[in-house]
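When a residue number appears, it is its place in the shown sequence, counting from 1. Counting starts at 1 for both ligands and their atoms, following the listed order.
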Amino acid sequence: MSNNVVPAGSVAPPGLKGLIVADTAVGTVLGEEGWYHYRGRDATELARTASFETIASLLIDGTEPCTAAATNFAAELSSNRELGADAFDLVVRLSRTDLDPLTVLASVLPLVVDGRPSIDMTHAERRRAVMQAIGAAPTVLGTVNRIRSGGEPVAPDDHTSYAAHFLRAALGRAALPAHTRAVETYLGLTAEHGFNASAFTARVITSTGASVSAAFAGALGALAGPLHGGAPSRVLDMIESIGDPASARAWATAELDAGRKLMGFGHAVYRTADPRSATLKQVALGLGGELVERAAAIETKLLELLAHRKPGAVIVTNVEYYAAVVLHLAGLPQEAFTSTFTASRIVGWGAHILEQARNNKIIRPSARYIAA
Ligand code: ACO
């Protein structure tokens, strides 16, 4: 952690916005420039060109892409796909409740992951626990979707990619290669994104010395919020409600007048185009179709309106807007959108958990008392 970045007694900005609270080598987001990286490497370039496993290996271990170590990482990750009988039974049981998929994953991880306090583990043991969680996540999240869609769970196949495995578990069949690659690009784009609410939560919990699965559970809780990971399914609702792009302005004006946010727009850090959105828009255009064209036309209208209504703010299209379109085209139901984001971001959380535990200081800020 950084030493006393803020002088004692000073008051942090609301939401800690812009405040530097730690040093990290995992990656960073340069909001003014519209650029972010994974351990110094252009993240969008990686997402466009590399497998998700390559990106995960870089984030978790700092492994150079296209090396034997990256290949070994992929094999190690896929060896963690299969759930034990207890964990599998719990997934099946919880899939038949109305718990959201992220809560199911948080409930199952303690059965999958070494549950000792992280403070009592070596780095290698914590890394192993992180790999167990990442390996199991697409199986759990995919299986929840499969069961809720009325299908039978499918046994994991260790020889498919992470993205293909997630889609197969979720859909009960192999996805088309173009859809698999589109979803893999999305996973690569969203694997890590600085000190967002869920990564910060994972670090706070890790800083107490609690277990790796407790840190993941906290991160899952944070990601479930509509302002963080819950946006993409609401984006699709919005596009469907608007229907004809000619209605976009009137529809969105009513939403803003009612004090609601337009989903898929705005970002806490980006002050110019969100590079993830630009990349996913290209992916969506590559898949093509009526929905893509309509989404692009609606996007233009909503950006115009937001610029008019909030002239002092820079509100850009965020990653969730075209994520909704791409995931829908890949055959995933809306209920599985946040799960897909989770199957990706769990890698970033893992990197943050390992980094925090390696150089730990309990995170304990203060609040200013104000009389009610
Ligand atoms: N619709 C309407 N108004 C907005 C939107 C939006 N989508 N985004 C920002 N604004 C408004 C803010 O309310 C604020 O208004 P104010 O000055 O009157 O209070 C102004 O624009 C400036 O906001 P920012 O400081 O730039 O953004 P902030 O950090 O407050 O919020 C957030 C960021 C939470 C993402 C917000 O843009 C939002 O709620 N967007 C919709 C939900 C969404 O798409 N979430 C996914 C984010 S991406 C991710 O987490 C992976």
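Using a 30° and 60° split on the angle between ring planes, Phe216 and Trp349 fall in the tilted class, from 30° to 60°. A perpendicular orientation is assigned to the rings of Tyr36 and Tyr38, their planes being inclined by more than 60° (bins at 30° and 60°).
Of all protein heavy atoms, the one closest to atom 28 (P) of ligand 1 is Lys17 NZ, 3.8 Å. Protein heavy atom in closest approach to atom 21 (O) of ligand 1: Ile315 CD1, 3.4 Å. In terms of protein heavy-atom proximity, atom 35 (C) of ligand 1 is nearest to Gly266 O, 3.8 Å. Of the protein's non-hydrogen atoms, the one nearest atom 49 (C) of ligand 1 is His228 O, 3.4 Å. With respect to atom 5 (C) of ligand 1, the closest heavy atom belonging to the protein is Lys261 CD, 3.5 Å. From the protein, the heavy atom lying nearest to atom 40 (N) of ligand 1 is Phe265 O, 2.9 Å. At the top of the distance list for atom 51 (C) of ligand 1, counting protein heavy atoms only, stands Glu320 OE2, 3.4 Å. With hydrogens left out, the protein atom closest to atom 22 (C) of ligand 1 is Ala313 CB, 3.9 Å, a heavy atom.
Ring to ring, His165 and Phe52 are not that close: their centroids are 6.0 angstrom or more apart. Proximity of the aromatic rings of Phe195 and His352 is defined here by a centroid distance below 6.0 angstrom, and this criterion is met.
For ligand 1, one of its N or O atoms has an N or O atom of Lys310 under 3.5 Å away. Between Arg271 and ligand 1, a contact under 3.5 Å exists for at least one N or O pair. Checked by distance only, ligand 1 and Gly264 come closer than 3.5 Å through their nitrogen or oxygen atoms. Taking only nitrogen or oxygen atoms, main chain and side chain alike, Leu262 reaches within less than 3.5 Å of ligand 1. Checked against a 3.5 angstrom limit, the closest N/O atoms of Met263 and ligand 1 fall outside it.
With hydrogens and angles ignored, the 3.5 Å screen pairs no side-chain donor or acceptor of Glu255 with any backbone N or O of Asp257. Distance alone, capped at 3.5 Å, places no donor-acceptor pair between the Tyr322 side chain and the Val283 backbone.
For atom 15 (O) of ligand 1, the nearest protein heavy atom lies under 4.0 Å away. Contact annotation for atom 32 (C) of ligand 1: protein absent (non-hydrogen atoms, distance under 4.0 Å). Atom 19 (O) of ligand 1 lies below 4.0 Å from none of the non-hydrogen atoms of the protein.
Taking all atoms of both residues into account, the shortest heavy-atom contact from Met238 to Leu302 is CE-CD1, 3.7 Å. The nearest pair of heavy atoms linking Ser339 to Leu141 is O-CD1, 3.4 Å.
The atoms of ligand 1 that sit less than 4.0 Å from any heavy atom of Leu256 are 2 (C). The contact set between ligand 1 and Ala268, taken as ligand atoms under 4.0 Å from a residue heavy atom, comprises 29 (O), 33 (C). Close approach of ligand 1 to Phe341 is summarised as follows: ligand atoms under 4.0 Å from at least one heavy atom of the residue are 51 (C).
A heavy-atom distance below 4.5 Å is found between the side chains of Asp157 and Arg168.
Residue contacts with ligand 1 do not include Tyr321, since none of its heavy atoms lies under 4.0 Å from the ligand.
For Glu76 and Asn80, the side-chain atoms include no donor-acceptor pair closer than 3.5 Å. No hydrogens or angles considered: a donor-acceptor pair under 3.5 Å links the side chains of Arg81 and Thr160.
Annotation: side-chain contact (heavy atoms from CB on, under 4.5 Å) contacts of Leu285 (sequence neighbours excluded): Lys281, Gln282, Val292.
Distances from atom 39 (O) of ligand 1 to the heavy atoms of Leu227, Leu306, Asp274 show the closest one on Leu227.
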### Query
Passes side chain to side chain donor-acceptor pair (under 3.5 Å), Thr317 versus Ser277? Steps please.
CA-CA 6 Å; Thr317 314; Ser277 168; 4.7 Å; no
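With a heavy-atom cut-off of 4.0 Å, Val235 does not touch ligand 1 at all.
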